[in-house]
Amino acid sequence: QFRGAGCYLSDIRRAVIHLDTTGPTLTGLRHDSGALTNQRSGSLTIQAVDAHEMRFTGDVEAVAGQQANVGVWLPVAQKVDARLTAANGEKTITVETRDTVGNVSSPASLSTVITLDTQPPQNPSISTNDPVTMSPQVDLILSAQGAAAMQIANDDGFAAAEWLPYSNNYSPWTISGPNQDGEKFIYARFRDQAGNITNAVRTIVTVDRIGPIVGTVTANGGLVLTTAQVLVDGAHVGAPDEQGIINLDVPVGTHWVSVAADGFSASDPVQVTVGPEASVPANIEFTLSDDFGGITATVNPEDQFPAYDDEK
């Protein structure tokens, strides 16, 4: 109340002041990637009651997209973008909050720890103990330091390849084009717990299911028959060379081989078991005759090879 000249008193005026000495309640801070990440940029979730402003310090390079926001008071938000400092390893981020009159939170601050890992598994490799095989399936040997998962594929795009728990071995793996011989590529890549993925590595497997058939063809009296037809399982596959020698590559397995020539009687078929590197018998010998001689189809007993094992 005020008094003026003439002793007149003014109306009474009053002011109300609210005393606030209680700060916000700070209940939570977490990095949305969890305890491990391979990305420097991510988001933080803050839980606080009655907070007006927040401040971040620690292993952060930028907050809300700005380096200048690190260590300064910002309007409070439930989520905020944060960029971690560059080096790999553990990162500690601390948040503080305060209310409109400057009371700091209780507790005064909270921290969260996250590990930054941007490096993929090291020394990835894939190999097999069977670089040359008859089988459409092979056993694989795999390695990558720090790997938690792996993908295996017959193409470098890893189409439809599933992530599998990391292992040093995988068996059996079915190669691509299993019915066709030749070089086959098998690819692998590895991933760690942070999600970092290696470049693809590969191994080469040669599928070889072709074996040799060797023999000779002559007519009675020793005449070389270069015009003769050599038949395997009834199909014409070639002819003897100028010395009457048969040298064929055919699929491994058991086959019937015979020879025919115009003006001569066809030979009786001979059964040959073909392996990738040798056949049983090692050599076959056909002697054809015209209508005035006998027919012979004989096996050369020399240089016999062991029986071929289908299980190899």
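All values reported here derive from a predicted model rather than from experimental measurement.
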Student: Roughly how far apart are Phe190 CZ and Tyr166 OH, rounded to 0.5 Å?
Tutor: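 If I round to the nearest 0.5 Å, the distance is 6.0 Å.
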Student: Is it true that a side-chain atom of Thr27 and a backbone atom of Gln47 form a donor plus acceptor pair closer than 3.5 Å?
Tutor: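 Yes, the answer is positive, given that a donor and an acceptor are paired below the 3.5 Å cut-off.
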Student: How close do Val259 and Phe286 get, counting heavy atoms only, and between which atoms?
Tutor: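 Heavy-atom minimum between the residues: CG2-CD1, 3.5 Å.
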Student: On a heavy-atom basis, which atom in Gln67 and which in Ala62 lie closest, and how many Å separate them?
Tutor: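 That would be N-CB, 3.9 Å.
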Student: Just so I know, are the side chains of Val138 and Lys184 near enough to count as touching, which here means a heavy-atom distance under 4.5 Å?
Tutor: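 A side-chain contact is absent here, since even the closest heavy-atom pair is not under 4.5 Å.
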Student: Is any side-chain heavy atom of Pro240 closer than 4.5 Å to one of Val230?
Tutor: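 When only atoms from C-beta onward are counted, Pro240 and Val230 do touch, with a gap below 4.5 Å.
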Student: Return the minimal non-hydrogen interatomic distance between Thr85 and Lys91, and the atom names on each side.
Tutor: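 So the two residues come closest at OG1-NZ, 2.9 Å.
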Student: So Ile126 and Leu140, side-chain contact (heavy atoms from CB on, under 4.5 Å) or not? Walk me through it.
Tutor: CA-CA 7 Å; Ile126 178 174; Leu140 298 177; 4.1 Å; yes
Student: Please determine whether residues Phe158 and Ile186 belong to a single hydrophobic cluster, defined as Ile, Leu, Val, Met, Phe, Trp and Tyr linked transitively by side-chain heavy-atom distances below 4.5 Å.
Tutor: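 No.
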Student: Using salt bridge (Lys or Arg N to Asp or Glu O under 4.0 Å) as the criterion, list what pairs up with Asp241, not counting sequence neighbours.
Tutor: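 Partners of Asp241 under the salt bridge (Lys or Arg N to Asp or Glu O under 4.0 Å) test: none.
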Student: Would you indicate whether the side-chain heavy atoms of Asn154 and Thr174 approach each other to under 4.5 Å?
Tutor: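 Heavy-atom side-chain distance check fails, nothing below 4.5 Å.
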Student: Compare all side-chain heavy atoms of Tyr170 with those of Leu164 and state whether any distance is below 4.5 angstrom.
Tutor: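 Tyr170 reaches Leu164 side chain to side chain.
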Student: So, does Thr25 use its side chain to make a donor-acceptor pair with the main chain of Val49 at under 3.5 Å?
Tutor: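 No, because the side chain of Thr25 does not come within donor-acceptor range (under 3.5 Å) of the backbone of Val49.
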Student: Hey, could you give me the CG/OG1 distance between Asp181 and Thr133, rounded to the nearest 0.5 Å?
Tutor: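 Spacing of CG (Asp181) from OG1 (Thr133) equals 10.0 Å.
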Student: Give a yes or no answer on whether the side chain of Asp99 reaches the backbone of Gly23 with a donor-acceptor pair at less than 3.5 Å.
Tutor: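 Checked: no pair found.
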Student: Any idea which heavy atoms bring Ala260 and Ala266 closest together, and the distance?
Tutor: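 Closest approach of Ala260 to Ala266, heavy atoms only: CB-CB, 4.2 Å.
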Student: Given side chains that start at C-beta, do those of Ile197 and Gln151 come closer than 4.5 Å, heavy atoms only?
Tutor: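 No; the side chains remain at least 4.5 Å from each other.
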Student: Quick one: pull up CG in Leu29 and CG in Leu44 and give me the separation to the nearest 0.5 Å.
Tutor: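 If I round to the nearest 0.5 Å, the distance is 5.5 Å.
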Student: Do Val113 and Phe56 share a hydrophobic cluster, counting only Ile, Leu, Val, Met, Phe, Trp and Tyr and linking them when any side-chain heavy atoms are less than 4.5 Å apart?
Tutor: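 Looking at the clustering, Phe56 is in a separate group from Val113.
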Student: Looking only at side-chain N and O atoms, does Glu90 offer a donor or acceptor that is under 3.5 Å from a partner on Thr115?
Tutor: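 There is no such pair between these side chains.
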Student: Show your reasoning for whether side chain to side chain donor-acceptor pair (under 3.5 Å) applies to Arg83 and Ser41.
Tutor: CA-CA 4 Å; Arg83 182 172 175 83; Ser41 295; 3.0 Å; yes
Student: Is there a chain of hydrophobic side chains (I, L, V, M, F, W, Y, each step under 4.5 Å between heavy atoms) that links Val72 to Val80?
Tutor: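 Hydrophobic grouping puts Val72 with Val80.
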Student: Taking the side chain as every heavy atom from C-beta outward, state whether Thr22 and Asn103 have any atom pair closer than 4.5 Å.
Tutor: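 The answer is no; the side chains never approach within 4.5 Å.
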Student: Considering residues, nucleotides and ligands other than Asn169, do more than 12 of their heavy atoms fall under 6.0 Å from its CG?
Tutor: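 Buried by this count: over 12 neighbours within 6.0 Å.
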Student: State whether the number of non-hydrogen atoms from other residues, nucleotides or ligands found under 6.0 Å of Gln137 atom CD is greater than 12.
Tutor: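 It does: Gln137 CD has more than 12 such atoms within range.
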Student: Can you tell me how far the OG atom of Ser105 sits from the CG atom of Asp50, to the nearest 0.5 Å?
Tutor: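 Taking OG in Ser105 and CG in Asp50, the distance rounds to 11.5 Å.
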Student: What's the separation between atom OG1 in Thr216 and atom CG in Asn247, rounded to the nearest 0.5 Å?
Tutor: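 Between atom OG1 of Thr216 and atom CG of Asn247 there are 12.0 Å.
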Student: Before giving the answer on side-chain contact (heavy atoms from CB on, under 4.5 Å), spell out for Ser33 and Ile114 the whole-Å C-alpha distance, their side-chain angles and the decisive distance to 0.1 Å.
Tutor: CA-CA 8 Å; Ser33 295; Ile114 185 170; 4.1 Å; yes
Student: State, to 0.1 Å, how close Leu116 and Asn38 come at their nearest heavy-atom pair, and which atoms those are.
Tutor: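 Here Leu116 and Asn38 meet closest at CD1-C, 4.1 Å.
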Student: Could you tell me whether the side chain of Val272 reaches within less than 4.5 Å of the side chain of Pro281, counting heavy atoms only?
Tutor: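 Yes. Closest side-chain heavy atoms under 4.5 Å.
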Student: Look at the side chain of Asp139 and the backbone N and O of Pro172, then say whether any donor-acceptor pair between them is shorter than 3.5 Å.
Tutor: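 Between the backbone of Pro172 and the side chain of Asp139 there is no qualifying donor-acceptor contact (under 3.5 Å).
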Student: Walk me through whether His52 and Trp73 qualify under side-chain contact (heavy atoms from CB on, under 4.5 Å).
Tutor: CA-CA 10 Å; His52 178 67; Trp73 290 103; over 6 Å; no
Student: List the atom of Val224, the atom of Gly244, and the distance in Å for their closest heavy-atom pair.
Tutor: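 In terms of heavy atoms, the two residues are closest at CG1-N, 3.3 Å.
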Student: I would like to know whether Val274 and His255 meet side-chain contact (heavy atoms from CB on, under 4.5 Å); could you show each step before the answer?
Tutor: CA-CA 8 Å; Val274 180; His255 301 281; 3.8 Å; yes
Student: Please list, chain by chain and in numerical order, all residues satisfying side chain to side chain contact (heavy atoms under 4.5 Å, CB included) with Gln119, sequence neighbours excluded.
Tutor: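 For Gln119, the residues satisfying side chain to side chain contact (heavy atoms under 4.5 Å, CB included) (neighbours in sequence not counted) are Asn88, Asp117, Gln122.
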Student: Between Asp81 and Ser43, is any pair of side-chain heavy atoms under 4.5 Å apart?
Tutor: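 In short, these two side chains touch, coming nearer than 4.5 Å.
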Student: Please say yes or no: joined through hydrophobic side-chain contacts below 4.5 Å, possibly via intermediate residues, are Ile152 and Val205 part of one cluster?
Tutor: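 Linked within one cluster.
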Student: Give, for atom OG1 of Thr203 and atom CG of Leu142, the distance between the pair rounded to the nearest 0.5 Å.
Tutor: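 With rounding to 0.5 Å, OG1 (Thr203) is 9.5 Å from CG (Leu142).
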Student: Are Val70 and Ile46 grouped together when hydrophobic residues (ILVMFWY) are joined by side-chain heavy atoms under 4.5 angstrom apart?
Tutor: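 Per the 4.5 Å side-chain linkage, Val70 and Ile46 are co-clustered.
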